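Residue numbers count from 1 along this sequence. What you are looking at is a predicted structure, and each value in this text was computed from that prediction instead of being measured.
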Amino acid sequence: MPSIRRVAETALYVDDLARAAAFYRDVLGLVPLNLDGGRLVALDAGGATVLLLFRRGLTAEGLRFEGGWIPPHDGQGPAHVAFAVDSAELPAWLERLGMHGVAIESRVRWARGGESVYVRDPDGHSVELVTPGTWATY
């Protein structure tokens, strides 16, 4: 059977692309790969993964372009995304979030020794910073 290597990209749907891109760039330090700002913003989420921010509703029709066809997709309501962080850097992350006025919604200590910190992005999505020791694979 062919194998899956990893999740290459994930998407969140947002109402204001500039506001969302600023949160992920300025607060979490993700590096923009494009800033077209009309339909989507792509950000380097580390480890060869990409976070796509789509303007809510603009993807429901799909997209035809010279290279092919991207089928329709969209989403409503709060979604969830987790970013892997080093355990030793979690205190620095807490400080950085505080400096940007981002409230901690929840902290969890997992049975395997990992820890998660949950915050909300400007569109209400649940953003998790998670250390190793959460899953058997992480």
Measuring from [X]:[atom1] to [Y]:[atom2], what's the distance to the nearest 0.5 Å?
X      : Y     : atom1 : atom2 : result
Asp44  : Arg25 : CG    : CZ    : 14.5 Å
Leu12  : His80 : CG    : NE2   : 10.0 Å
Arg64  : Ile70 : CZ    : CD1   : 11.0 Å
Arg39  : Arg55 : CZ    : CZ    : 12.0 Å
Leu129 : Arg96 : CG    : CZ    : 11.0 Å
Asp123 : Phe23 : CG    : CZ    : 10.0 Å

ILVMFWY network linking [X] to [Y], side-chain heavy atoms under 4.5 angstrom:
X      : Y      : answer
Val50  : Val31  : no
Tyr118 : Leu94  : no
Leu43  : Val130 : no
Val81  : Val102 : yes

field: Atom CH2 of Trp69 with >12 non-hydrogen neighbours under 6.0 angstrom
entry: yes
query: Just wondering, more than 12 heavy atoms not from Arg19 lying within 6.0 Å of its CZ?
result: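 Atom CZ in Arg19 is crowded, with more than 12 foreign heavy atoms closer than 6.0 Å.
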field: side chain to side chain contact (heavy atoms under 4.5 Å, CB included) between Val119 and Val27, worked out
entry: CA-CA 11 Å; Val119 301; Val27 177; over 6 Å; no
Which atom names give the shortest non-hydrogen contact between [X] and [Y], and what distance separates them?
X      : Y      : answer
Leu53  : Leu17  : O-CD2, 3.3 Å
Arg120 : Pro78  : NH1-CB, 3.7 Å
Gly38  : Leu58  : O-CD1, 3.3 Å
Leu52  : Ala42  : CD2-CB, 3.7 Å
Leu30  : Leu51  : CD1-CD2, 4.0 Å
Ile104 : Val117 : CD1-CG1, 3.6 Å

- request: Please identify each residue that fulfils side chain to side chain donor-acceptor pair (under 3.5 Å) with His100, with sequence neighbours left out.
  value: none
task: Apply side chain to side chain donor-acceptor pair (under 3.5 Å) to Glu89 and list each qualifying residue two or more places apart in sequence or on a separate chain.
output: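 Not a single residue meets the side chain to side chain donor-acceptor pair (under 3.5 Å) criterion with Glu89.
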message: Going by side-chain hydrogen bond (donor to acceptor under 3.5 Å, both in side chains), Tyr13 matches just one of Arg56, His73, His125. Which one?
response: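 Going through the options one by one, the only one that passes is His73.
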- request: Would you check if the side chain of Asp74 reaches a backbone N or O of Thr59 as a donor-acceptor pair within less than 3.5 Å?
  value: no
Those residues that, when tested against Phe83, pass ring-ring contact (aromatic ring centres under 6.0 Å, His included) (two or more places apart): none
